[in-house]
Amino acid sequence: MEFSGLALWADHTLERPRWVRGTWRVDGGVIRRISDDETATSVGFIVPGMVDTHCHIGYSDVGSVSERDMVEQARVTLASGVTVVRDCGVPVDNSAAARATGLHLIRCGRHVARPKRYMRDLPLDVQDQRELPDVLATMARSADGWVKIVGDWIDRSAGADSDLMPLWDTAVLTDAVAAVHDAGARIAVHAFSHRVIDSLIEAGVDDIEHGSGIDADQASEIAARGIAVTPTLRQVELFRDFAAQAGEKYPVYAATMQRMYDTRWDHFQMLVDSGVVLLMGTDSGGYQDHGTIAGELELWLRWGAPAQATIDAATWVSQHYLGYPGLVEGGPADFLILDEDPRSNPLELSRPARVILDGGSVWERASV
């Protein structure tokens, strides 16, 4: 297969991708640039497939789903332009979704939490937190290079004074992260609050998910240490609802969630300006539907992220962080073909004309 167009392309894996015109050939699942000129049929715009780094294939708002339903979740995800997913915590084996669709699926196993400190039936609960290092080391050996823990959640034992509180002592968390790294894996952590962030930095976690409580000094340290943040803006948009649901029963927690909702735009802009590695993630499978990355892209743009930064985070930045090469000379032929220029409107990423995986088309928009 040969085609011409404008591509977000890198000649080497260590090179920052740039927009270049030319002609490409796909052969044996590998893509190569064969000419600087457009000598073949133009397909428009060629970009790396998008990444959803926080996606729960196999889970929905009603809980775990059947194999048939998880395959459908994977299909709508591919149709939205996402070719790589990190599942980031599900209580079921979702590998069938990848086998049936070709979706690149990084499995993290289950969330790990403490009893009554997360959503019911979703996590593996650890009664004695001293067991956390062994639990995560075991999970790391059966996952695809990542594990997922809950870093903070409301502690209802304080009654009306209840608020978001860390689940783990810093010393335990530090030992747990070391155990994960020794097992050759990395660790992602659910974290809403400000008070949990210092312990995550000290422990050396790899990805802070949500990160809505990070302040500017913490962001600077996170950037310096190369820790990624997955801001899940659509989830943060729900914080006002969470505050309202807490009502008069948990007024302190409600105030915390409302405050983070009220400052969400400025907070995200601070993260963008801080130099933190920001990953694209929807948190689909619970409060968000699968295949709706367009909504996340739209919020990145509305809340102040530059167009190219949004494109980069959704494609090659998140790919590189998860160990995928992006669209590169001699690399896997995994990419999107777009009819319209995403530089003018990054939402075009979520409207691909074709989705190519391993050199073959796995999804193509129907002709009108």
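Ring geometry for F268 versus W303: interplanar angle over 60°, hence perpendicular rather than tilted (30 to 60°).
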Just do the side-chain hydrogen bond (donor to acceptor under 3.5 Å, both in side chains) check on Q245 and D241 with the steps written out, would you?
CA-CA 6 Å; Q245 292 164 10; D241 296 337; 5.7 Å; no
Chi angles and distances behind the salt bridge (Lys or Arg N to Asp or Glu O under 4.0 Å) call for R130, D175
CA-CA 9 Å; R130 292 173 296 181; D175 288 344; over 6 Å; no
Working note: R18 + D11, criterion salt bridge (Lys or Arg N to Asp or Glu O under 4.0 Å); need CA distance, chi angles, decisive distance, verdict.
CA-CA 9 Å; R18 56 194 177 90; D11 292 327; 3.8 Å; yes
Go through the steps for E209 and R86 under the test salt bridge (Lys or Arg N to Asp or Glu O under 4.0 Å), then give the verdict.
CA-CA 12 Å; E209 298 189 299; R86 184 181 59 180; 3.4 Å; yes
Criterion salt bridge (Lys or Arg N to Asp or Glu O under 4.0 Å) on D36 and R33, from CA distance to verdict:
CA-CA 8 Å; D36 295 344; R33 189 170 181 230; 3.3 Å; yes
Which is it for W9 and W24 under the ring-ring contact (aromatic ring centres under 6.0 Å, His included) test, yes or no, and what are the steps along the way?
CA-CA 11 Å; W9 176 260; W24 284 264; 5.7 Å; yes
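Residue D52 forms a side-chain hydrogen bond (donor to acceptor under 3.5 Å, both in side chains) with just one option from T230, T77, T282, and that option is T282. Screening R365, R354, R351 for a side-chain hydrogen bond (donor to acceptor under 3.5 Å, both in side chains) involving D339 leaves a single residue, R365.
Side chains of T256 and D163: a donor-acceptor N/O pair is present below 3.5 angstrom, by distance only. Side chains of D152 and S193: a donor on one and an acceptor on the other come within 3.5 Å. Checked by atom type, the side-chain pair T23/S4 shows a donor-acceptor distance below 3.5 Å.
A donor-acceptor contact shorter than 3.5 Å links the side chain of T315 to the backbone of I311.
Between E72 and R68, no side-chain nitrogen of the basic residue sits less than 4.0 Å from a carboxylate oxygen of the acidic one, so the salt-bridge criterion is not met. Under the 4.0 Å criterion applied to side-chain N and carboxylate O atoms, R25 and E2 are assigned as salt-bridge partners.
Contact between V236 and P231 at its shortest, heavy atoms only, is CG2-O, 3.7 Å. Listed here is the closest heavy atom pair of H104 and Y324: CB-OH, 3.6 Å.
Scanning for side-chain hydrogen bond (donor to acceptor under 3.5 Å, both in side chains) contacts around E15 gives an empty result, with sequence neighbours left out. Applying the ring pair (Phe, Tyr, Trp, His ring centres under 6.0 Å) rule to H320 yields the partners W316; only residues at least two apart in sequence or on another chain are considered. For E298, the side-chain hydrogen bond (donor to acceptor under 3.5 Å, both in side chains) partners at least two apart in sequence or on another chain are R302. With sequence neighbours left out, Q319 forms a side-chain hydrogen bond (donor to acceptor under 3.5 Å, both in side chains) with no residue at all. For H210, the ring pair (Phe, Tyr, Trp, His ring centres under 6.0 Å) partners at least two apart in sequence or on another chain are H54, H190, F192. For D93, the side chain to side chain contact (heavy atoms under 4.5 Å, CB included) partners at least two apart in sequence or on another chain are S95, R107.
The hydrophobic clustering, which links ILVMFWY residues whose side-chain heavy atoms are closer than 4.5 Å, places F335 and F45 apart. Cluster membership for L357 and V26, using ILVMFWY side-chain heavy atoms within less than 4.5 angstrom, is not shared.
At least one side-chain heavy atom of F242 sits less than 4.5 Å from a side-chain heavy atom of L238. Residues D125 and R117 fail the side-chain proximity criterion, which asks for heavy atoms closer than 4.5 Å.
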